[in-house]
Number of protein chains: 2
Amino acid sequence: MGIAERREREKHNLRQEILDAASELFAREGYANVSMRKIAEQIEYSPTTIYLYFKDKTDLLKQICEETFGKLIETVAAIERAGVGEPLDCLRKGMRAYIDFGLRHPYHYEVTLITPLAGAINQEDYPYEGSAGQQAFEYIVRQVGRGMELGQFRPGDVATVSQAIWAAIHGVTALMISHPDFPFVDREALIEQVVEMTIKGLQS
Amino acid sequence: MGIAERREREKHNLRQEILDAASELFAREGYANVSMRKIAEQIEYSPTTIYLYFKDKTDLLKQICEETFGKLIETVAAIERAGVGEPLDCLRKGMRAYIDFGLRHPYHYEVTLITPLAGAINQEDYPYEGSAGQQAFEYIVRQVGRGMELGQFRPGDVATVSQAIWAAIHGVTALMISHPDFPFVDREALIEQVVEMTIKGLQS
DNA sequence: CTGTTAGATTAACACTGTTAAGTAGGTTTT
DNA sequence: AAAACCTACTTAACAGTGTTAATCTAACAG
């Protein structure tokens with residue numbers, strides 16, 4: 001019924017319209033539970049029209065996620081601009097920002113960082129180089145590097161330490177998203193514990 | 001009356017046969033890529049026969065995972081039996097065992113601990129209480145409790161600290177499984193870093 | 001021989017992502 | 001103005017999914 005009614009309405013913003021509709025549906029119902037037909041119904045177009053603008057479902061997802069993770073980079077960049085003084089404090093704030101971001105965008109975090117295996121999203125089509133995720137990770141690397149140079153952190157391999165930090169914050173974020181029914185202690189306390197425990201483990 | 005027993009045994013055999021076939025397929029090709037029809041073909045029965053023994057696909061998965069995680073518990077129990085002396089060392093060994101287990105059974109780890117959300121496996125049908133996963137977690141709780149009593153660990157809430165530890169080891173395990181193409185540093189070095197960083201962060 | 005029952009099957013439903021082919025509407029060319 | 005072309009979109013279909021209802025078959029009990 002929507003097809004005829006829609007005709008007079010918009011035309012060229014269709015790509016963005018698809019993106020917006022899919023983004024909201026993915027975030028609300030989860031990637032796996034949203035079909036192409038459901039997206040199409042939402043925007044009042046035929047399902048196949050989506051394929052004129054996106055290669056396939058994972059492509060659609062990838063575009064949305066890059067968009068979403070752009071926000072994380074903004075947040076992180078703002079932290080870096082604000083306080084260049086203490087790498088330890090920058091790191092702490094960066095870790096919290098990362099976790100908060102994940103918990104605020106659970107479905108986007110899920111599809112990009114928790115379950116890329118199943119969705120086969122991390123193919124050669126979507127290189128890691130230059131991606132939003134990488135840029136966020138590089139932030140950690142910079143802080144660790146500075147912290148070691150200043151002698152605030154125990155010496156070690158910067159890359160190894162950075163990835164270990166990433167593992168820690170990913171761990172708590174992923175657990176909270178994937179296991180919403182698990183009897184976690186107070187969430188804020190748990191995040192605090194992970195962040196402080198990690199930093200304590202780094203200090204010299 | 002021997003006939004009834006034989007039938008009972010045969011029924012049990014088929015159940016196990018399904019379980020074995022599904023387990024191997026899930027582990028090799030991934031849960032999402034294995035259809036009920038594929039499992040049926042493997043055991044040379046009609047697809048619907050599986051439904052006589054298992055409620056649905058997630059039920060099948062759940063049974064397999066409990067079975068698999070039983071092995072983790074065995075490993076962990078062996079550690080506990082072996083060295084009751086140092087809680088710090090027990091914890092270290094437990095963490096490594098956990099990570100190693102995950103990396104050795106990546107698909108089982110994935111479906112139970114990384115992506116239970118999508119599969120909707122952690123419903124009320126499958127309570128956490130008494131599950132293999134819980135028993136493994138309880139091991140961590142015991143070591144942390146002992147470590148604090150002995151004054152080896154910084155004082156704190158045992159549950160919070162335990163969950164933070166779990167988050168850390170889950171993080172590195174999940175990342176390595178979900179992002180096989182990520183340019184990780186040497187895996188062993190990364191695991192070492194996570195474990196030692198975490199323990200360092202706990203010590204008083 | 002009849003009735004019952006457990007175990008397995010066939011057919012079907014309502015979905016999924018995706019592709020090939022076809023069709024209106026407007027623009028350009030002849 | 002008519003014919004050709006092109007873009008944007010749609011319809012129909014394919015091959016697959018998990019799952020259910022109805023059906024068949026063989027072995028049992030009375």
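In this text, all values refer to a predicted model and were calculated from it rather than measured experimentally. Every chain is numbered from 1, with letters handed out A, B, ... down the list of sequences.
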Undergrad: Any N/O pairs under 3.5 Å between the protein and nucleotides 16-18 of chain C? List them or say none.
TA:
{"residue": "C/dT16", "atom": "OP1", "partner": "A/S35", "partner atom": "OG", "Å": "2.9"}
{"residue": "C/dG17", "atom": "OP1", "partner": "A/V34", "partner atom": "O", "Å": "3.4"}
{"residue": "C/dG17", "atom": "OP1", "partner": "A/M36", "partner atom": "N", "Å": "3.3"}
{"residue": "C/dG17", "atom": "OP1", "partner": "A/K57", "partner atom": "NZ", "Å": "3.1"}
{"residue": "C/dG17", "atom": "OP2", "partner": "A/M36", "partner atom": "N", "Å": "2.8"}
{"residue": "C/dG17", "atom": "N7", "partner": "A/R37", "partner atom": "NH1", "Å": "2.7"}
{"residue": "C/dG17", "atom": "O6", "partner": "A/R37", "partner atom": "NH2", "Å": "2.9"}
{"residue": "C/dT18", "atom": "OP2", "partner": "A/Y51", "partner atom": "OH", "Å": "2.9"}
{"residue": "C/dT18", "atom": "OP2", "partner": "A/K57", "partner atom": "N", "Å": "3.0"}
{"residue": "C/dT18", "atom": "O5'", "partner": "A/Y51", "partner atom": "OH", "Å": "3.3"}
{"residue": "C/dT18", "atom": "O4", "partner": "A/R37", "partner atom": "NH2", "Å": "3.4"}

Undergrad: Going by number, which of residues 20-29 of chain A have a non-hydrogen atom under 4.0 Å from DNA chain C?
TA: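 None - not one residue of the stretch has a heavy atom sitting under 4.0 Å from the strand.
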Undergrad: How far does the helix from C/dC1-D/dG30 to C/dT30-D/dA1 bend, going by the axes of its first and last five pairs, to the nearest 10°?
TA: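 Answer rounded to 10°: the end axes differ by 30°.
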Undergrad: Apply salt bridge (Lys or Arg N to Asp or Glu O under 4.0 Å) to B/E192 and list each qualifying residue two or more places apart in sequence or on a separate chain.
TA: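 Salt bridge (Lys or Arg N to Asp or Glu O under 4.0 Å) list for B/E192, sorted by chain: B/R96.
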Undergrad: Take atom CG of B/L14 and atom C1' of C/dG7, then tell me their distance rounded to the nearest Å.
TA: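 Distance check: B/L14 CG to C/dG7 C1' gives 9 Å.
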Undergrad: Taking 4.0 Å as the cut-off, does a side-chain nitrogen or oxygen of B/T49 come that near to OP1 or OP2 on C/dA8?
TA: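 For C/dA8, neither OP1 nor OP2 has a side-chain N or O of B/T49 closer than 4.0 Å.
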Undergrad: Of all residues at least two apart in sequence or in a different chain, which pass the side-chain contact (heavy atoms from CB on, under 4.5 Å) check with B/A174?
TA: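 B/A174 satisfies side-chain contact (heavy atoms from CB on, under 4.5 Å) with A/H170, B/I114, B/H170 only.
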Undergrad: Identify whether the distance between the nearest side-chain nitrogen and carboxylate oxygen of B/R142 and B/E138 falls below 4.0 Å.
TA: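 Salt bridge flag = no for B/E138 with B/R142.
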Undergrad: Would you call the rings of A/Y98 and A/Y109 parallel, tilted or perpendicular, where under 30° means parallel and over 60° means perpendicular?
TA: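 It falls in the perpendicular class, over 60°.
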Undergrad: Does A/A27 offer a backbone N or O that forms a donor-acceptor pair with the side chain of A/H108 under 3.5 Å?
TA: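 Between the backbone of A/A27 and the side chain of A/H108 there is no qualifying donor-acceptor contact (under 3.5 Å).
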Undergrad: Does a salt bridge link A/D89 with A/R92, judged by any charged N lying under 4.0 Å from a carboxylate O?
TA: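 Salt bridge present between A/D89 and A/R92.
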Undergrad: Closer than 4.0 Å, any side-chain N/O of B/Y53 to the OP1 or OP2 of C/dA8?
TA: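 Yes.
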Undergrad: Does the structure place the NZ or CZ of B/K57 under 6.0 Å from the centre of the six-membered ring of B/Y31, at an angle of no more than 45° from the ring's axis?
TA: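 The answer is yes, since B/K57 meets both limits relative to B/Y31.
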Undergrad: Name every donor-acceptor pair, under 3.5 Å, that has one atom in a side chain of residues 153-164 of chain A and the other anywhere in the protein, sequence neighbours excluded.
TA:
{"residue": "A/R154", "atom": "NH2", "partner": "A/G201", "partner atom": "O", "Å": "2.3"}
{"residue": "A/D157", "atom": "OD2", "partner": "A/T160", "partner atom": "N", "Å": "3.1"}
{"residue": "A/D157", "atom": "OD2", "partner": "A/T160", "partner atom": "OG1", "Å": "2.5"}
{"residue": "A/S162", "atom": "OG", "partner": "A/V158", "partner atom": "O", "Å": "2.7"}
{"residue": "A/Q163", "atom": "OE1", "partner": "B/V185", "partner atom": "N", "Å": "3.1"}
{"residue": "A/Q163", "atom": "NE2", "partner": "B/P183", "partner atom": "O", "Å": "3.3"}

